[in-house]
K.L.:
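Have a look at this one.
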Amino acid sequence: IAQALAASINDPETASVEVAGGYLNFFLNRTNFARDTLAAIDGQFGHANIGEGRVICIDYSSINIAKRFHIGHLSTTMIGHALKRIFDALGYRTVGINHLGDWGTQFGKMICAYKRWGDAAQIEAGGIDAMTALYVRFHDEAERDPSLEDEGRAWFKKIEDGDPEALAIFDWFKDITLKDAKRVYDKLGVTFDHYTGESFYNDKMGRVIDELTEKGLLIESDGARVVDLEADGMPPCLILKRDGATLYATRDIAAALYRKDTFDFFKCLYVVAYHQDLHFRQWFRVVDKMGYPWAKDLVHVSYGMVSYEGQALSTRKGHVIYLDDLLDRSVEKALAIIEEKSPDLPDKEAVARQVGIGAIVYTALYANRIKDIDFWWDRALNFDGETGPYVQYAHARCCSLLRKAADAGVRPADADSFAALCDDEAQETLRLLSRFPEIVREAADRYEPSMITRHITRIAQAYNKYYYEHRILDDDAAASAARARLTEAVRDTLKRGLWLVGIDAPERM
RNA sequence: GCGCCCGUAGCUCAGCUGGAUAGAGUGUUUGACUACGAAUCAAAAGGUCACAGGUUCGAAUCCUGUCGGGCGCGCCA
């Protein structure tokens, strides 16, 4: 059968068909493959319009007030940011939402601690660290004096009731936290369209309670109000506490209703660690039971837990790496390498920031998101092998070659004969380039930015190998133009891929 | 106890809807900078794909069970 099929295939793009056991091997016309692949590549490579007219809401980063940005926040922040860029590239309209954790009893405790042991000057000077110190102290003191817990709850009640003093302190804490976070976001190049946190939905809970009641879904259980999910094999979803206060799930449902009304999303993504899996399955099901068919468009994009040298992160115990420190050390190391290898580089500090931060971001988006990450300093600060700097280096090398080509009067745009790109190394590079748009779509389908990170790494590897095996610029003008055109396509694709996962691509490093 | 997820080379990970000799990086050993950038490239060594069954012409991949690990399971978020 294979032989009969092989004999019957007559396609101009297929150079030959060979039978190998039960397989048919198709060999493409290498010159045409090079020509067609390169014709499709420009600075927007991978762009599509499949998402036109569709909105994707992405809930990511979602930091808590009064907590400093640490490595545990990196996955949600960078996965969400990358997904935003990926869906943008596919023509969707994306709405990035930082769903701030700015509601709950812990903020009453913060205010309680501040009133007892803090003062304004100390907070202004110490910023978020001073707030963390108060938080830690509250827990220490509350162990000895449990009445503090009640005092904390009372302060939270004041926030809920709109007490001016409580609100003023709380807004002030929020402001300090956001300023600190925004500094980190600026370093990472991460942006949001909205900072609507949990408190934003405080006046939008009534609708959830009313609808659940009307639809007969809300039942009393041990004094609380819940939606029973036994038929779905899940524990009940808690909607109202015994004292009538709302819960996490209530606010998430209120936020989902609001987002559907406001944005009419095609999908609403929640980039949250997998330990909240049950929570999302529960309230997604509640929305479904409320009769909303778009419940199926709510997606928990879960990712693995972060630990530090084998132990769980803990702000309270001080077992934590702050992102500021990590980024600073990475940039510092990048600068040291630049001083050693490229002492004459202009804008050394700026490039060191691009490389140092790129290394951290790359690592966050390298493995499948479900993998747990155990942080080790030496691993995080490695710039060799499959790393951000490796891909950036390949990109910078392409830029360098293209500068040299321009000096020699070789223009990639003049390439019109591609016979020079028929060798195995060039063809492997071209094959990987040609798959890039498909990889971008798959990364979107699977909500998996690491697919892009890994693919651009393979392109960089293939090109580096090609570079060592073949001279790009030589006396043959036509061949040089073709190889320069391949170099340009690699440069554009690496830059594009790096951009999609949130990493800068310096032209020199 | 129940539920979700994970288990592939010493380490960190790829391996998509089952298909040809399971691949990278790192670490170890070794080689390559007087031609375009050595943050690079090349070579060697390194795997009972946790284990046991099953389905199939064919299983790392699908099904069942066992073991090991992470996480979760009502008034926190």
Side-chain angles (χ1 to χ4, degrees), chain A residues 20-23 25 62 64 99 101-106 109 198 221-226 233-252 272-282 300 302 304-305 307 312 333-334 337-338 340-342 345 355 359 363 366-368 370-374 376 378-379 382-394 396-405 407-408 410 438-439 442 445-446 448 450-451 453-455 457-458 460-461 463-474 480 483-484 487 508-509:
Chain A
Y23 296 89
N25 290 334
S62 303
N64 288 321
H99 187 70
D102 58 359
W103 200 250
T105 336
Q106 73 268 32
K109 295 176 183 178
E198 293 188 78
S221 170
D222 293 339
R225 300 266 162 184
V226 310
M234 288 186 281
C237 184
L238 280 273
I239 300 295
L240 289 175
K241 294 200 257 187
R242 199 175 315 201
D243 65 3
T246 58
L247 284 142
Y248 188 33
T250 327
R251 287 189 285 280
D252 269 344
V272 179
Y274 66 65
H275 71 286
Q276 297 203 38
D277 170 76
L278 179 61
H279 163 72
F280 283 102
R281 283 193 300 131
Q282 284 180 308
H300 177 201
S302 61
M305 311 295 293
S307 54
K333 180 173 175 183
I337 295 175
I338 290 169
E340 182 200 330
K341 305 195 181 201
S342 317
L345 185 73
V355 174
T363 303
Y366 169 67
N368 283 351
I370 200 65
K371 296 277 181 185
D372 286 335
I373 296 175
D374 191 21
W376 291 84
D378 55 347
R379 223 179 281 160
N382 173 36
F383 291 3
D384 299 326
E386 291 172 339
T387 63
Y390 176 91
V391 181
Q392 289 173 319
Y393 184 81
R397 171 180 268 165
C398 289
C399 291
S400 170
L401 271 167
L402 289 165
R403 283 192 298 268
K404 289 223 158 46
D407 290 347
V410 174
E438 173 194 340
I439 295 288
E442 225 175 307
D445 287 346
R446 290 162 60 172
E448 191 58 270
S450 67
M451 294 195 68
T453 317
R454 279 197 302 269
H455 193 73
T457 304
R458 292 186 66 190
Q461 286 169 333
Y463 184 80
N464 277 338
K465 189 178 174 69
Y466 174 71
Y467 172 86
Y468 270 90
E469 303 273 337
H470 304 276
R471 174 124 190 122
I472 309 295
L473 304 171
D474 63 15
S480 293
R483 290 185 295 248
T487 301
R508 292 182 166 89
M509 62 188 274

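The chains referred to below are lettered A, B, ... by the order of the sequence lines, with proteins before strands, and numbering in each begins at 1. Keep in mind it's a predicted model, so treat the numbers as computed, not measured.
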K.L.:
Taking only N and O in the side chain of A:Arg397, is any of them less than 4.0 Å away from OP1 or OP2 of B:rA38?
P.N.:
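Yes, within the criterion.
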
K.L.:
With a non-hydrogen cut-off below 4.0 angstrom, is A:Ala224 in contact with a base, only sugar-phosphate, or nothing?
P.N.:
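Here A:Ala224 touches the bases of the nucleic acid.
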
K.L.:
By the 4.0 Å heavy-atom rule, please label A:Glu442 as base, sugar-phosphate, or nothing.
P.N.:
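Counting heavy atoms under 4.0 Å across all strands, the contact made by A:Glu442 includes a base.
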
K.L.:
Go through the side-chain N and O atoms of A:Thr487 and A:Tyr463 and say whether any donor and acceptor fall under 3.5 Å apart.
P.N.:
yes

K.L.:
Kindly say if A:Tyr390 contacts the phosphate of B:rG37, meaning a side-chain N or O under 4.0 Å from OP1 or OP2.
P.N.:
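Result: no.
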
K.L.:
Using the C1' atom as the point on both nucleotides, what is the distance between B:rU26 and B:rC73, in whole Å?
P.N.:
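Nearest-Å result for B:rC73 against B:rU26 at atom C1': 39 Å.
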
K.L.:
Determine the Euclidean distance between corresponding C1' atoms of B:rU66 and B:rG27; express it in Å to zero decimal places.
P.N.:
34 Å

K.L.:
Which is true for A:Leu247 with a 4.0 Å heavy-atom rule: it touches a base, it touches only sugar-phosphate, or it touches nothing?
P.N.:
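Since only primed, P, OP1 and OP2 atoms lie under 4.0 Å of A:Leu247, the category is sugar-phosphate.
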
K.L.:
OP1 or OP2 of B:rC41 sitting under 4.0 Å from any side-chain N/O of A:Asn464?
P.N.:
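Answer yes for this pair, as a side-chain N or O of A:Asn464 is under 4.0 Å from OP1 or OP2.
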
K.L.:
Decide, applying a 5.5 Å centre-distance limit and a 30° plane-angle limit (both strict), whether A:Tyr393 stacks on B:rG37.
P.N.:
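Aromatic stack with B:rG37 absent for A:Tyr393.
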
K.L.:
In whole angstrom, what separates A:Tyr466's OH from B:rA42's C1'?
P.N.:
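In whole Å, B:rA42 C1' and A:Tyr466 OH are 18 Å from each other.
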
K.L.:
Consider the side chain of A:Tyr366, meaning its heavy atoms from C-beta on, and name the nucleotide among B:rA39, B:rA24, B:rG19 that approaches it most closely.
P.N.:
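When the side chain of A:Tyr366 is considered, B:rA24 is the closest of B:rA39, B:rA24, B:rG19.
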
K.L.:
Could you please name the option among B:rG72, B:rC4, B:rC16 that lies closest to any side-chain atom of A:Asp277?
P.N.:
B:rC4

K.L.:
Both A:Arg242 and A:Thr387 contact RNA chain B. Taking the nearest nucleotide for each, which residue is further toward the 5' end?
P.N.:
A:Thr387

K.L.:
From A:Thr250 OG1 over to A:Glu198 CD, what is the distance, rounded to the nearest 0.5 angstrom?
P.N.:
10.0 Å

K.L.:
Using a 4.0 Å heavy-atom cut-off across all strands, classify A:Ala396 as base, sugar-phosphate, or nothing.
P.N.:
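Here A:Ala396 touches the bases of the nucleic acid.
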
K.L.:
Quick check: any donor-acceptor pair below 3.5 Å linking the side-chain of A:Arg471 to the base of B:rA35?
P.N.:
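It does, because a donor-acceptor pair links the side chain of A:Arg471 to the base of B:rA35 below 3.5 Å.
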
K.L.:
Categorize A:Arg508 for me: base, sugar-phosphate, or nothing, with a 4.0 angstrom heavy-atom threshold over every strand shown.
P.N.:
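Contact class for A:Arg508: base.
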
K.L.:
Is there a Watson-Crick or G-U wobble partner for B:rU64 with both distances under 3.5 Å, and which nucleotide is it?
P.N.:
B:rA52

K.L.:
Take the protein atom OH of A:Tyr274 and the nucleotide atom C1' of B:rC73, then report the distance between them rounded to whole Å.
P.N.:
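After rounding, the reported distance stands at 15 Å.
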
K.L.:
Let's test your reading of the model: under 3.5 Å, does the base of B:rA20 pair with the side chain of A:Asn25 as donor and acceptor?
P.N.:
yes

K.L.:
Has A:Asn368 got a side-chain N or O lying under 4.0 Å from the OP1 or OP2 atom of B:rA14?
P.N.:
yes

K.L.:
If I take atom CG from residue A:Leu402 and atom CZ from residue A:Arg397, how far apart are they, to the nearest 0.5 angstrom?
P.N.:
13.0 Å

K.L.:
Using a heavy-atom cut-off of 4.0 Å across all strands, would you classify A:Thr105 as base, sugar-phosphate, or nothing?
P.N.:
nothing

K.L.:
According to a strict under-4.0 Å criterion, is A:Lys241 in side-chain N/O contact with OP1 or OP2 of B:rC76?
P.N.:
yes

K.L.:
Mind checking A:Met509 for me? I need base, sugar-phosphate or nothing, with any heavy atom below 4.0 Å counting as a touch.
P.N.:
base

K.L.:
Are any of A:Lys404's side-chain N or O atoms less than 4.0 Å away from OP1 or OP2 of B:rA35?
P.N.:
no

K.L.:
Which whole-number value in Å describes the distance from A:Arg251 CZ to B:rC76 C1'?
P.N.:
9 Å

K.L.:
For A:Gln461, which contact category applies under a 4.0 Å heavy-atom criterion: base, sugar-phosphate, or nothing?
P.N.:
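Sugar-phosphate, no base atom in range.
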
K.L.:
Is a donor-acceptor contact shorter than 3.5 angstrom present between the side chain of A:Thr457 and the base of B:rG25?
P.N.:
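Flag unset: no donor-acceptor pair detected.
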
K.L.:
Can you measure A:Leu238 atom CG to B:rG72 atom P for me and round it to whole angstrom units?
P.N.:
17 Å

K.L.:
What does B:rA32 pair with, Watson-Crick or G-U, if both distances are under 3.5 Å?
P.N.:
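Base-paired to B:rU40.
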
K.L.:
Under 3.5 Å, is there any donor-acceptor pair linking the side chain of A:Tyr467 to the base of B:rU40?
P.N.:
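No, the side chain and the base share no sub-3.5 Å donor-acceptor pair.
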
K.L.:
Nearest whole Å is fine: how far is B:rC11 P from A:Lys371 NZ?
P.N.:
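About 13 Å, once rounded to whole Å.
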
K.L.:
Indicate, with a heavy-atom threshold strictly under 4.0 Å, whether A:Arg458 touches base, sugar-phosphate, or nothing.
P.N.:
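Touches nothing.
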
K.L.:
Is a donor from one side chain sitting under 3.5 angstrom from an acceptor on the other, for A:Tyr393 and A:Asp384?
P.N.:
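No donor-acceptor contact under 3.5 Å links the two side chains.
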
K.L.:
Under 4.0 Å: is that the gap between some side-chain N or O of A:Tyr468 and OP1 or OP2 of B:rC41?
P.N.:
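Negative; the distance criterion is not met.
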
K.L.:
Where the side chain of A:Arg454 is defined as all heavy atoms beyond and including C-beta, which of B:rG15, B:rG72, B:rG74 is the nearest nucleotide?
P.N.:
B:rG15

K.L.:
Quick check on B:rU40: is either OP1 or OP2 less than 4.0 Å from any side-chain nitrogen or oxygen of A:Lys465?
P.N.:
no

K.L.:
Heavy atoms under 4.0 Å, any strand shown: does A:Ile370 hit a base, just sugar-phosphate, or nothing?
P.N.:
sugar-phosphate

K.L.:
Which part of the nucleic acid, if any, lies within contact of A:Leu401, taking any heavy atom under 4.0 Å across all strands shown: a base, the sugar-phosphate backbone alone, or nothing?
P.N.:
base

K.L.:
Kindly point out which of B:rC16, B:rG37, B:rA14 is positioned nearest to the side chain of A:Ala367?
P.N.:
B:rA14

K.L.:
Using purine N1 to pyrimidine N3 plus N6-O4 or O6-N4 for Watson-Crick, or N1-O2 and O6-N3 for G-U wobble, both under 3.5 Å, which nucleotide pairs with B:rC76?
P.N.:
none

K.L.:
Are any of the side-chain nitrogens in A:Asp474 or A:Arg483 under 4.0 Å away from the carboxylate oxygens of its partner?
P.N.:
yes

K.L.:
For A:Ser221, which contact category applies under a 4.0 Å heavy-atom criterion: base, sugar-phosphate, or nothing?
P.N.:
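Counting heavy atoms under 4.0 Å across all strands, the contact made by A:Ser221 includes a base.
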
K.L.:
Using a heavy-atom cut-off of 4.0 Å across all strands, would you classify A:His99 as base, sugar-phosphate, or nothing?
P.N.:
nothing

K.L.:
Take A:His279 and A:Asp252, measure what side chain to side chain contact (heavy atoms under 4.5 Å, CB included) needs, and give me the verdict at the end.
P.N.:
CA-CA 10 Å; A:His279 163 72; A:Asp252 269 344; 2.7 Å; yes

K.L.:
Any base atoms under 4.0 Å from A:Ser450, or only sugar-phosphate, or nothing? Heavy atoms, all strands.
P.N.:
nothing

